[in-house]
Structure formats: structure tokens, C-alpha cells
Amino acid sequence: MKKRMKTDYDFEAAFLAQSPVFVKHEMMEQYGFIGGLESFNPIFVNVGGRLFLRDECEFTMIR
């Protein structure tokens, strides 16, 4: 089951549940990135040790 994350509440729920997160960057057409959510703020999200901009990426929590 997947849930798209947009709000701080969604990111907090994924962080507390330690769920893996799928990241699809708007420039990546075929591939995405899967990792654990390590930290987040209103601008950046740290997934698996890599920083992503929240505005440029689509984040999906995998349950």
C-alpha cells in the first residue's frame, strides 16, 4: 500500500513509523530512489542519506 506525502503530518507519520519512502524527482523519468526517512523540514527531506527538495520531488510512503 502506498500513500503520497505532502504535508508535515504525512512526513512525521512516515518518520515515526520508520516506513521506507519512494522518491521520484521530476527530472528522473524511469528511476526513483527508495530509502528510510531520516529527517525533514519545510524545504529539504533526507531520505537514505540524500537530500531532496520537497518542491521538486514526489514522496510516497510504502507501508
Quiz item: When rounded to the nearest 0.5 angstrom, what distance separates CZ in F15 from CG in N46?
Solution: 10.0 Å
Quiz item: Taking the side chain from R54 and the backbone from N41, do they hold a donor-acceptor pair closer than 3.5 Å?
Solution: yes
Practice problem: Using a cut-off of 6.0 Å, state whether more than 12 heavy atoms not belonging to F22 lie near its atom CZ. | Solution: yes
Quiz item: How far does NZ of K24 sit from SG of C57, to the nearest 0.5 angstrom?
Solution: 10.0 Å
Quiz item: Is it true that atom CD of Q18 has more than 12 heavy atoms of other residues, nucleotides or ligands lying nearer than 6.0 Å?
Solution: no
Exercise. Starting at CG of L37, measure out to CG of L16 and round the result to the nearest 0.5 Å.
Key: 9.5 Å
Exercise. Drop me the distance from D8's CG to F40's CZ, to the nearest 0.5 angstrom.
Key: 6.0 Å
Quiz item: How many angstroms lie between atom CZ of R63 and atom NZ of K2, to the nearest 0.5 angstrom?
Solution: 13.0 Å
Quiz item: Can T60 and K3 be said to form a side-chain contact (heavy atoms from CB on, under 4.5 Å), step by step?
Solution: CA-CA 5 Å; T60 306; K3 181 183 179 199; 5.8 Å; no
Quiz item: For L53, which fellow cluster members are found when Ile, Leu, Val, Met, Phe, Trp and Tyr are connected by side-chain heavy-atom distances below 4.5 angstrom, either directly or through intermediates?
Solution: I43, F44, L51
Exercise. State, with a plain yes or no, whether a side-chain heavy atom of V21 is found less than 4.5 Å away from one of I34.
Key: no
Self-check item: Rounded distance (nearest 0.5 Å) linking atom CD of E58 with atom CE of M5
Solution: 10.5 Å
Quiz item: Under 6.0 Å from the CG atom of D55, do we count more than 12 heavy atoms belonging to anything else shown?
Solution: no
Self-check item: Contacts of type ring-ring contact (aromatic ring centres under 6.0 Å, His included), residue F33, not counting sequence neighbours
Solution: F52
